Peer 1: 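Before I ask anything, here is the structure I am working with.
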Amino acid sequence: MPDTIPANMKPVHGKAECLYESYFRKGENPHQTHYCPGCGHGVALKLLAEAIDELGIRDRVIIVSPVGCSVFLYYYFDTGNVQVAHGRAPAVATGLKRSRPDAIVVSYQGDGDLAAIGSAEILHAANRGESITSIFMNNAIYGMTGGQMAPTTPLGKKTTTTPFGRASHKDGYPIHISEMLSALDGPVYLERVALGNVKQILGAKRAIRKALENQMKGLGFSLVEVLSPCPTIWRMDPVEAQRHVREFMTTVYPLGVKCDRTAQTQPKPAPAPPPPLEELPRLLRIPLEEGPVQRAQAAGEVDCRIKVAGFGGQGVLLLGQLIAEAGMDYGLDVSWLPSYGPEMRSGTSNCHVRLCSRPIDSPLVSRSHVLIALNEPSLRKFLSFVLPGGTVLYNGTEIPEDLRRGDVALYALPFFEIADKEGAAKAGNIVALGALLEATRLLPAEVVDHAMARLIKSEKWLEIDRRALSRGMEAIRSMRTQPAKEPCHA
Ligand SMILES: Cc1ncc(C[n+]2csc(CCOP(=O)(O)OP(=O)(O)O)c2C)c(N)n1
Ligand code: SF4
């Protein structure tokens, strides 16, 4: 500034410090935001940034931004940021706040995001009284996608999906989120503000600041609904759009505090710190005496990918879970990814299991070392994805002729018939597990037995399953025509 300007007349407005000096993530134009001229998002974010600066909480703030025009919020805020799927900000904010109680977590959402696809998330987060600050940008339209009707669109408004105007008899009524949430016992503070003129904007800043302070005091859930102009989709110039907020939006959505329990609310007790990582094996009752990690290391680089497939009711998922649990007991990193059809019984069911002596990058098993196919359709579907040198265990008396492969070890055994002879055909999945152990020597039987004892709660079933496990191992021993495979290696 030239020195000729008296000190008391120098501009006092600058950029908030929690905003990046230059928006480097934006690439070609790092000095302006992506918002349209006159958009309320730009104003609200400035207010939020100023409040964060004033409260000195920048290092603690994590902003959760959604899908919608504010999707690039993380371009601007030099704070913690998480960009989430459409409507999920309150759920992610809940997780963040619970795992990082010291963080100040801000969930920022548009009205399509919060009041349509995310309506359940906000309702339950508010009802649980999560200690988060929610900023709800209500511009009564889907901005980013070109102007479809939102749950908040006023009656009579023309949108791309209501070209003749929103009609209550087919489109329902505008949802008043703040009033709706005020019927719950969970929230501590709900206020609707607007960006229709300077006075309203200052009011919005005060409300945002208060919502943040509530969180700093540990009081619970606060939401500020901001009536916000969207000049582009409303087809108005910025001045007209501001007037529309002032003169029309506020008649549909009356401003004011809808709930304020801050005076009578006690700060929530801080949650107990999570147990130290090294305590987890003890809490999960994983036997540690033999040093599972060292054992796994001694066993070499294990990376075994297993696909178990069949139909619902065959115990496909339990079988995979037992392998994963036993692998974990053995000191390996494991993953278990179930995948099944919507039917309760007889639909397709499969699971992906990985046992690895390194951290697992993805739980998805597309090409496997082992396939346990509990029916023919599963064998047909997944056989070609078994890696050469792999092992296939098939529930049947013989492998169908057109499904034979010379580069994998194929075992056909009627697992469920074998289990039937032990008194429970249902234990066929455990016969298959025994066959797996014998055919691949992937894990010691005692380790699997230990995992079974933990997972199978009924004494009667545990006894049957132990017999079934032995029968499966014996069956492979007695039929083996090919040498046993070594455990799968990377
Ligand atoms: C699961 C999913 N469904 C739909 C979309 C498409 N979509 C992107 S933004 C949006 C609406 C955003 O409107 P609003 O939350 O009001 O934010 P605004 O753009 O007006 O700020 C929709 C439907 C998506 N990205 N993801
Ligand atoms: S479309 Fe509307 S909400 Fe989106 S940036 Fe432009 S003015 Fe803002």
Side-chain angles (χ1 to χ4, degrees), residues 23 25-26 29 32-48 63-77 81-93 106-123 125 134-154 157-162 166 171-172 174-178 180 192-196 201 204 208 223-246 248-249 252-253:
Y23 306 134
R25 292 199 172 100
K26 269 198 77 217
N29 193 350
Q32 64 186 51
T33 68
H34 69 288
Y35 299 116
C36 311
C39 174
H41 279 303
V43 179
L45 291 182
K46 187 170 188 298
L47 302 181
L48 174 63
I63 308 180
V64 186
S65 54
V67 176
C69 280
S70 56
V71 67
F72 296 131
L73 189 147
Y74 63 93
Y75 280 6
Y76 311 123
F77 275 78
N81 288 285
V82 181
Q83 213 282 313
V84 296
H86 208 12
R88 306 298 172 242
V92 174
V106 179
S107 166
Y108 184 100
Q109 296 181 270
D111 49 330
D113 193 70
L114 180 145
I117 194 168
S119 51
E121 271 79 356
I122 194 67
L123 186 76
S134 167
I135 297 183
F136 169 38
M137 296 299 290
N138 181 2
N139 59 16
I141 200 82
Y142 286 10
M144 183 193 191
T145 43
Q148 296 83 355
M149 187 196 95
T152 45
T153 299
K157 274 279 162 202
K158 289 186 179 160
T159 69
T160 56
T161 45
T162 57
R166 180 176 190 171
D171 307 316
I175 294 186
H176 292 71
I177 288 288
S178 295
M180 199 172 96
R192 184 179 292 121
V193 297
L195 304 178
I201 291 171
I208 290 171
L223 176 141
V224 180
E225 176 174 345
V226 184
L227 301 183
S228 170
C230 171
T232 302
I233 304 291
W234 293 357
R235 298 194 200 297
M236 295 176 186
D237 66 41
V239 174
E240 214 184 334
Q242 256 204 330
R243 187 181 316 119
H244 188 73
V245 168
R246 226 169 34 239
F248 175 71
M249 290 276 282
V252 184
Y253 295 105

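Since the model is a prediction, treat every value here as computed from it, not as a measurement. Whatever order the structure lists them in is the order used to number ligands and atoms, beginning at 1.
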Peer 1: If you have a sec, work out which protein heavy atom is nearest atom 14 (P) of ligand 1 and how many Å separate them, to one decimal?
Peer 2: Gly112 N, 3.4 Å
Peer 1: Test His34 against every option in Tyr76, Tyr75, Tyr23 by the side-chain hydrogen bond (donor to acceptor under 3.5 Å, both in side chains) rule and name the one that passes.
Peer 2: Tyr76
Peer 1: Do any N or O atoms from the side chain of Ser107 and from the backbone of Val64 form a donor-acceptor pair under 3.5 angstrom?
Peer 2: no
Peer 1: Enumerate the atoms of ligand 2 whose separation from the nearest heavy atom of Asn139 is less than 4.0 angstrom.
Peer 2: 3 (S)
Peer 1: Would you mind running through ligand 1 and noting each atom that sits below 4.0 Å from a heavy atom of Val67?
Peer 2: 8 (C), 9 (S), 25 (N)
Peer 1: Output yes when a side-chain donor or acceptor of Thr161 lies under 3.5 Å from a complementary backbone atom of Met149, and no otherwise.
Peer 2: yes
Peer 1: Provide the number and element of each atom of ligand 2 under 4.0 Å from a heavy atom of Cys39.
Peer 2: 3 (S), 5 (S), 7 (S), 8 (Fe)
Peer 1: Please report whether ligand 1 has a polar contact with Gly143, defined as an N or O pair separated by less than 3.5 Å (distance criterion only).
Peer 2: yes
Peer 1: Can you name the atoms of ligand 1, numbered from 1 with element, that are less than 4.0 Å from a heavy atom of Ile117?
Peer 2: 1 (C)
Peer 1: Tell me, with the steps shown, if Gln148 and Thr153 meet side-chain contact (heavy atoms from CB on, under 4.5 Å).
Peer 2: CA-CA 9 Å; Gln148 296 83 355; Thr153 299; over 6 Å; no
Peer 1: Distance-only, no hydrogens or angles: does the Trp234 side chain make a donor-acceptor pair with backbone N or O of Asn139 under 3.5 Å?
Peer 2: yes
Peer 1: Do Arg192 side-chain atoms and Glu225 backbone N/O form a donor-acceptor pair below 3.5 Å?
Peer 2: no
Peer 1: Taking only heavy atoms of His41, which atoms of ligand 1 are found under 4.0 Å from at least one of them?
Peer 2: 21 (O)
Peer 1: Quick one: does Tyr108's side chain have a donor or acceptor within less than 3.5 Å of a partner on Ala89's backbone?
Peer 2: no
Peer 1: Within the structure, does Asp113 bring an N/O atom to less than 3.5 angstrom of an N/O atom in ligand 1?
Peer 2: yes
Peer 1: Can you name the atoms of ligand 1, numbered from 1 with element, that are less than 4.0 Å from a heavy atom of Gly68?
Peer 2: 9 (S), 12 (C), 17 (O), 19 (O)
Peer 1: For atom 7 (N) of ligand 1, grab the closest protein heavy atom and report residue, atom and distance to one decimal in Å.
Peer 2: Thr145 CG2, 3.5 Å
Peer 1: Looking only at distance, does Asp111 have an N or O less than 3.5 Å from an N or O of ligand 1?
Peer 2: yes
Peer 1: May I ask you to identify, for Met144, whether its side chain, its backbone, both or neither come under 4.0 Å of ligand 1 on a heavy-atom basis?
Peer 2: both
Peer 1: Look at atom 2 (Fe) of ligand 2 and say which protein heavy atom is nearest, naming residue and atom and giving the distance to 0.1 Å.
Peer 2: Cys230 SG, 2.3 Å
Peer 1: Hey, is the main chain of Pro66 close enough, under 3.5 Å, to the side chain of Arg88 for a donor-acceptor pair?
Peer 2: no
Peer 1: So, regarding Asn139 and ligand 1 (criterion: nitrogen or oxygen to nitrogen or oxygen, under 3.5 Å), is there a contact or not?
Peer 2: yes
Peer 1: I'd like to know whether Asn138 forms a side-chain contact (heavy atoms from CB on, under 4.5 Å) with Val226, so could you lay out the CA-CA distance, the side-chain angles of the two residues, the decisive distance to 0.1 Å, and finally the verdict.
Peer 2: CA-CA 6 Å; Asn138 181 2; Val226 184; over 6 Å; no
Peer 1: Taking 4.0 angstrom as the limit and counting only heavy atoms of Ile141, give me the atoms of ligand 1 inside it, by number and element.
Peer 2: 16 (O), 20 (O)
Peer 1: In the structure I gave you, are the side-chain heavy atoms of Thr159 and Tyr142 within less than 4.5 Å of one another anywhere?
Peer 2: no
Peer 1: Examine distances only and state if a side-chain atom of His176 and a backbone atom of Val252 form a donor-acceptor pair shorter than 3.5 Å.
Peer 2: yes
Peer 1: Does any N or O in the side chain of Thr162 come within less than 3.5 Å of the main-chain N or O of Lys157, such that one atom is a donor and the other an acceptor?
Peer 2: yes
Peer 1: Looking only at protein heavy atoms, which one is nearest to atom 6 (Fe) of ligand 2, and what is the separation?
Peer 2: Cys36 SG, 2.2 Å
Peer 1: Give the C-alpha distance, both sets of side-chain angles, the deciding distance and a yes or no for side-chain contact (heavy atoms from CB on, under 4.5 Å) between Ile122 and Ser134.
Peer 2: CA-CA 9 Å; Ile122 194 67; Ser134 167; 3.7 Å; yes
Peer 1: For ligand 1, does Met137 get within less than 4.0 Å through its side chain, its backbone, both, or neither, judged by non-hydrogen atoms?
Peer 2: neither
Peer 1: With atoms numbered from 1 as shown, which atoms in ligand 2 lie under 4.0 angstrom from a non-hydrogen atom of His41?
Peer 2: 3 (S)
Peer 1: May I ask which of Phe136, Tyr35, Tyr142, Tyr108 has a heavy atom nearer to atom 11 (C) of ligand 1 than the others do?
Peer 2: Tyr142
Peer 1: Could you check atom 3 (N) of ligand 1 against the protein and tell me its nearest heavy-atom contact, residue, atom and distance included?
Peer 2: His86 CD2, 3.5 Å
Peer 1: Under 2.8 Å from atom 4 (Fe) of ligand 2, is there any N, O or S atom belonging to Cys69?
Peer 2: yes
